[in-house]
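This report concerns only the one structure given below.
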Amino acid sequence: MFSFGKKTVKTVAPSAVSQISEMQSLQGIFNNLDDGLVYVDQKGTIKLINENAARLSGWTTKDAANIDVKFVIKLVDSKMVAVPNESNPFVTAFLTRKQVKTKDLSILGKNNQAIPIDLTVNPILVNGYAFNSLVIIKDIASEKLEENRLKDFISTASHEMRTPIASIEGFLELALNPKTATLDNRGRDYILKAKDAMQRLSELFGELLNTTNADDKLIVSNPKVIEMSSALKKFTDVLNQMAEKKNMSVEYKVGSSSPDDVSDTDSLSKNISPQYFVFADPKLLSDVIDKLFDNALKFSKEGRITVGISADDSYIQVYIKDPGIGIPQENLPHIFQKFYRVDTTSTRSIGGSGLGLNFCKETIEYYKGKIWAESIVGKGSTFYFTIPRLSAEQADQYSKAVVAR
Ligand code: ADP
């Protein structure tokens with residue numbers, strides 16, 4: 001209490017005053033930002049929310065303050081299903097103490113309208129423990145709309161092209177059949193070339209259709225418990241047959257986290273058979289490995305391709321190393337983008353659509369893994385991917401749950 005002359009004035013303690021004005025000036029800064037921002041304490045209670053975040057959630061900044069963040073920022077997936085607690089980014093960022101970023105969720109706004117968002121939850125660590133978190137929300141509704149329009153266009157166009165392509169292929173077959181057409185050698189040669197080009201075109205449209213359907217495919221992903229070391233071993237035998245056709249060979253290494261690993265992984269694979277369980281759709285995973293292997297073959301002339309697998313407690317890591325042409329450093333950050341192809345004299349004659357690696361990235365990220373590549377031009381490339389590992393107990397529980405489903 002302070003005395004001003006005769007008047008006695010009641011005051012708030014100075015530290016509380018500075019805290020309140022600090023919060024007010026922070027709120028001012030928050031409100032001036034273009035993104036939605038929410039500051040959440042360790043109990044998940046909103047301490048500050050700016051106007052953009054409040055607007056997206058359909059609340060006012062005043063009403064949302066001191067409320068559980070999951071109550072205000074209601075997250076749903078692409079099928080409008082509420083995100084369960086165990087995969088809620090607010091919870092996982094806090095528990096794992098790692099940043100969580102996603103563009104696959106929407107926020108339920110006013111009148112339960114779903115707005116697609118780019119969400120980042122940054123846990124703030126104090127002495128290694130998650131303390132508070134800072135949540136950044138971007139409205140990406142127009143970006144998603146544009147993306148969907150493009151997807152629809154590509155999907156319709158590639159679908160429509162299939163009928164005329166099939167018809168041209170049919171007529172080329174008729175032209176090549178001595179029972180239905182007469183051709184001299186030169187004519188036959190031209191038609192055979194046209195048939196090859198047509199087949200390539202048909203594959204390209206197939207791939208295009210495949211990537212535009214990739215998101216839907218992932219949504220209907222049919223995950224199962226897979227023991228990766230034995231599944232990959234079996235798969236490598238098939239890949240070996242593909243490699244032999246090109247006079248190349250395949251080596252399989254269990255317990256090897258990188259191609260430079262010199263430990264005796266072979267004896268490890270013979271004596272101890274480690275169990276690397278994951279939960280994913282076997283068809284989608286084999287499509288990824290197939291694509292990486294296909295590229296390894298396509299971009300190599302000779303030599304040996306190595307397929308390796310290793311794991312720590314949290315992740316399984318697979319790599320595919322080739323002795324091929326390699327990828328220039330400046331192109332490496334872009335190769336997983338849709339339609340991106342490295343344009344050099346050595347790649348120009350090799351066919352492709354630039355869609356395969358994008359499919360691999362989408363699939364691996366869908367299963368919460370990572371994919372990347374390392375390469376030296378003229379020496380070869382190594383593609384790595386990780387995927388969350390299940391413990392033996394989890395594998396058992398998940399298998400039972402899948403059977404019961
Ligand atoms: P595609 O192979 O159909 O062109 P991808 O998306 O699979 O499309 O690959 C994109 C580009 O990345 C390729 O065009 C090629 O330039 C480069 N690339 C991919 N894998 C390899 C590899 N193993 N070795 C060298 N370059 C590669």
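Whatever order the structure lists them in is the order used to number ligands and atoms, beginning at 1. Side chains included, hydrogens not; waters and symmetry mates left out as well; all remaining heavy atoms used.
Taking 4.5 Å as the limit, every side-chain heavy atom of K138 sits out of range of all side-chain heavy atoms of I117.
A donor-acceptor contact closer than 3.5 angstrom is absent between the side chains of Y367 and D281. If you check the side chains of S229 and E227, you find a donor sitting under 3.5 Å from an acceptor.
If you number the atoms of ligand 1 from 1 as listed, the ones under 4.0 Å from a heavy atom of L355 come out as 6 (O), 8 (O). For ligand 1, the atoms sitting less than 4.0 Å from at least one non-hydrogen atom of S381 are 24 (N), 25 (C), numbered in the order shown with element in parentheses. Residue K298 approaches ligand 1 through these ligand atoms, each under 4.0 Å from one of its heavy atoms: 1 (P), 2 (O), 3 (O).
Residues passing the salt bridge (Lys or Arg N to Asp or Glu O under 4.0 Å) test with K74, sequence neighbours excluded: none. Evaluation of the ring-ring contact (aromatic ring centres under 6.0 Å, His included) rule for F71 yields no partner, not counting sequence neighbours.
Of the charged side-chain nitrogens involved, none lies within less than 4.0 Å of a carboxylate oxygen, so that D287 and K291 do not count as a salt-bridged pair. A salt bridge links K103 to E143: at least one charged side-chain nitrogen sits closer than 4.0 Å to a carboxylate oxygen. The pair R188-D184 does not count as a salt bridge, with every side-chain nitrogen at least 4.0 angstrom from each carboxylate oxygen. Salt bridge D237/K233: present, at least one basic N to carboxylate O contact under 4.0 Å.
Neither the backbone nor the side chain of N331 comes within contact range of ligand 1; no heavy atom lies under 4.0 Å. Both the backbone and the side chain of V342 come within 4.0 Å of ligand 1, counting heavy atoms alone. Residue-level proximity to ligand 1 for F383 is carried by the side chain, the only part with a heavy atom below 4.0 angstrom.
Considering both main-chain and side-chain atoms, N358 never comes within under 3.5 Å of ligand 1 through any nitrogen or oxygen pair. Residue contacts with ligand 1: Y340 is placed with no nitrogen or oxygen under 3.5 Å of a nitrogen or oxygen of the ligand (distance criterion only). The shortest N or O to N or O distance between G356 and ligand 1 is under 3.5 Å. Considering backbone and side-chain atoms together, L357 places an N or O closer than 3.5 Å to an N or O of ligand 1. Backbone and side-chain nitrogen or oxygen atoms of I327 are examined, and none is located within less than 3.5 angstrom of a nitrogen or oxygen of ligand 1.
When the heavy-atom distances from atom 1 (P) of ligand 1 to G326, G354, S300 are ranked, the shortest goes to G354. Across the listed options R341, K361, Q337, K338, R341 owns the non-hydrogen atom lying nearest to atom 4 (O) of ligand 1.
Residue contacts with ligand 1 leave out G324, since none of its heavy atoms falls under 4.0 Å from the ligand.
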